[in-house]
2 protein chains.
Amino acid sequence: MTESRQIDQGKPPRTMSREQRRTQLIEATISTLAARGYSRTTLTEVARTAGLSHGLVLFHFETKEKLLGETLAYLAEEYRQNWQGALANAGPDPAEQLNAMIEADFAPAICAPARLAAWCSFWGEAQSRPLYQEACGDKDDAYNATLEGICARLSNEGGYDRNPVHAARIIRVTTEGTWLDMMTMVTPYSPAEAMTTVRTAAALCFPNHFTPEGLK
Amino acid sequence: MTESRQIDQGKPPRTMSREQRRTQLIEATISTLAARGYSRTTLTEVARTAGLSHGLVLFHFETKEKLLGETLAYLAEEYRQNWQGALANAGPDPAEQLNAMIEADFAPAICAPARLAAWCSFWGEAQSRPLYQEACGDKDDAYNATLEGICARLSNEGGYDRNPVHAARIIRVTTEGTWLDMMTMVTPYSPAEAMTTVRTAAALCFPNHFTPEGLK
DNA sequence: GTTCTGATTGACAAAGCAGTCAGTCAAAGG
DNA sequence: CCTTTGACTGACTGCTTTGTCAATCAGAAC
C-alpha cells in the first residue's frame, strides 16, 4: 500500500497492475472528497475523476466502505512517513528535531488543500465510525509519544522547567487548530503563515531555541 | 430563531407552535448528526429521533438543505450568545475577560459531545459548500476581533511586549485544536482537561496573569 | 497464433433517499 | 355544535446510489 505512489501519466494504458490502479483510485477518492465533501462522494464520481468505470472501483475495493477505509489508511500512512522521514533527516539536537516535525506538518505534500479537505471530511464522520479511530488512533499515539520525548529532552538539555507533556500538547493542538483554520477560514491562509503560528507556540514554550521565524 | 430554546417535555401535545417544533427538529438534527455523521443523516432519521413523521420535517423546513443550514445557523448563534454573554458578565479587566472567553468555549452547553460532533460534521462539508463557509466564517470574525482587542489591552496594561494578533491567534487555534482533539481522541478528554490546555497557552502568552489552573 | 489470466466495462437489480400531496386531525373561535 | 385554520401523517413518485454480473478486452506465456 505504501510503495509506488507515483502514477505514470505518459499515455495511460488500458489496464494497469492491481497496485497502481488502487493507488490511482485512492487519489481520485481524495480529490473527490475535497471537491464535493464526504456526503456527496459517490463511486461514480470517483470513477469519473479517474476516467474509469464505476464497476472497476468495486472490483478493486469490493465496497465503498472499504475504499474509504483504505483511503484513510493511505493518508495516515503518508502522514506517518512524512514526519518520521523528516525526523530521521534531522540531527540529534532536540530543537532541530522539533523544528523538523513542525516543518513536516506543513510540508506541501501534507497540507495541500485537497489533502487537508480529505482529512477534514473524515473528521466529520469520525465519531460515528470506529474505522477512523482505528486508523488514526495509532498514528496519533506514535506522533504524541515522539513529540513528548523531544520536548522532554529539549526541556532538560535547554534548562527549561516546563512540563514536556503540556508543551507537546500545546504544539500539537496548535498544529491541529491551524489546519482547521486553513480549512474553514474564508480568507486564504498560506502554509508559511500557518507555520509561523506554530513556531510562535514553540517560541512561547522554548524561547531560547525558537522564534516565530524558526530556530534560533 | 433565538427565543425559547427550551422545549416543554411534560406530555408532548399532538401539535406544537411553529417555532417550538422547528427548534425541536433542529435539536433532533444535531443529535442525528452526532450519532450518524453528516453523510448518513436522513430526514427519516431526524424525524424518528423527534418522534415525528418525515413529511413534517419538510413541512417546516422545505428542503433538507435548508434544515441543515438553519441547524448550522442555530449552532453559530448559540455559540455567539454564549461567549458574548460570558464577556458581558466579566468585569472590565482584560485578564478576566480573556478567562471568561476561555471558560465560555468549554462550557458544557457548547462543548457537549453532540454539539462538537455536529460542528465537526459541518467542517467536513464546509469547503465544498459556500453556505457553510458563511455561517462558520462570520462567527469567527467577531470572535477574533474581540479576542484580539482583549489581548491588545492585556498586552498594554500588563506590560507585555507581545504581538496581540499572534497571542489571540495562539489562543484561538489552541481552542480549536483542543475541540478537534476531544472529537478524535480515543481516550476520553474532559472539558476541564481541555480548558487546562488552553489556559496553559494563555499562561505562556501572559505569564503574569495566567497559570494552567486559571487566573493568577 | 492460441490460450489463459486478470483487468475492465456497462447493463442491470435492489435499496434508500428527498420531496409531493391528498387527506386527517386537533384546537380555537364563533 | 359548526367552521376554519394550521399542524401533521403516510403513501407515493422519481431519482440517485451501491452493488452484481455476464461479457469483453488486453497482455503475457507458450
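Values reported hereafter were calculated over all heavy atoms of this structure, with side chains retained and with hydrogens, waters and symmetry mates removed. Because the structure is predicted, anything quoted here is derived from the model rather than measured. In what follows, every chain begins at residue 1, and chains take the letters A, B, ... in the order their sequences are listed.
- In terms of phosphate contacts, B:Arg21 brings a side-chain nitrogen or oxygen within less than 4.0 Å of OP1 or OP2 of D:dC8.
- Residues that satisfy the ring-ring contact (aromatic ring centres under 6.0 Å, His included) test with A:Phe122, not counting sequence neighbours, are A:Tyr132.
- Rounded to a whole Å, the CG atom of B:Leu52 is 15 Å from the C1' atom of C:dC25.
- Regarding B:Leu56, its CG atom lies at a distance of 14 Å from the C1' atom of C:dT24, rounded to whole Å.
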Every protein N/O lying under 3.5 Å from an N/O of nucleotides 17-20 of chain C:
unit_1	atom_1	unit_2	atom_2	d
C:dA18	OP1	B:Leu43	N	3.4
C:dA18	OP1	B:Lys64	NZ	3.1
C:dA18	OP2	B:Leu43	N	3.2
C:dG19	OP2	B:Lys64	N	2.7
C:dG19	N7	B:His54	NE2	3.1
C:dG19	O6	B:His54	NE2	3.2

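- Ion pairing between B:Arg199 and B:Glu213 fails under the 4.0 Å rule for side-chain N and carboxylate O.
- Rounded to whole Å, the distance from CD on B:Gln20 to C1' on D:dG6 is 15 Å.
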Identify each donor-acceptor pair in which a side-chain atom of residues 163-171 of chain A lies under 3.5 Å from a protein atom, sequence neighbours left out, and give them as a table.
unit_1	atom_1	unit_2	atom_2	d
A:Asn163	OD1	A:Val165	N	2.8
A:Asn163	OD1	A:His166	N	3.4

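- Taking the six-membered ring where the residue is Trp, A:Trp179 and A:Tyr79 present perpendicular rings, their angle passing 60° and hence far from 30°.
- A straight line from CZ of B:Phe59 to P of D:dT9 spans 11 Å, rounded to a whole angstrom.
- Using a 4.0 Å cut-off between charged nitrogen and carboxylate oxygen, A:Asp181 and B:Arg172 count as a salt-bridge pair.
- No salt bridge links A:Arg40 with B:Glu125; every basic N to acidic carboxylate O contact stays at or beyond 4.0 Å.
- When the P atom of C:dG6 is taken as reference, atom CD of A:Glu19 falls 16 Å away, rounded to whole Å.
- A:Arg22 places its CZ atom 16 Å from the C1' atom of C:dT8, with the value rounded to the nearest Å.
- Atom CZ of A:Phe61 is separated from atom P of D:dT20 by 16 Å (rounded to the nearest Å).
- Rounding to whole angstrom units, CZ of residue B:Arg48 and C1' of D:dT9 are separated by 16 Å.
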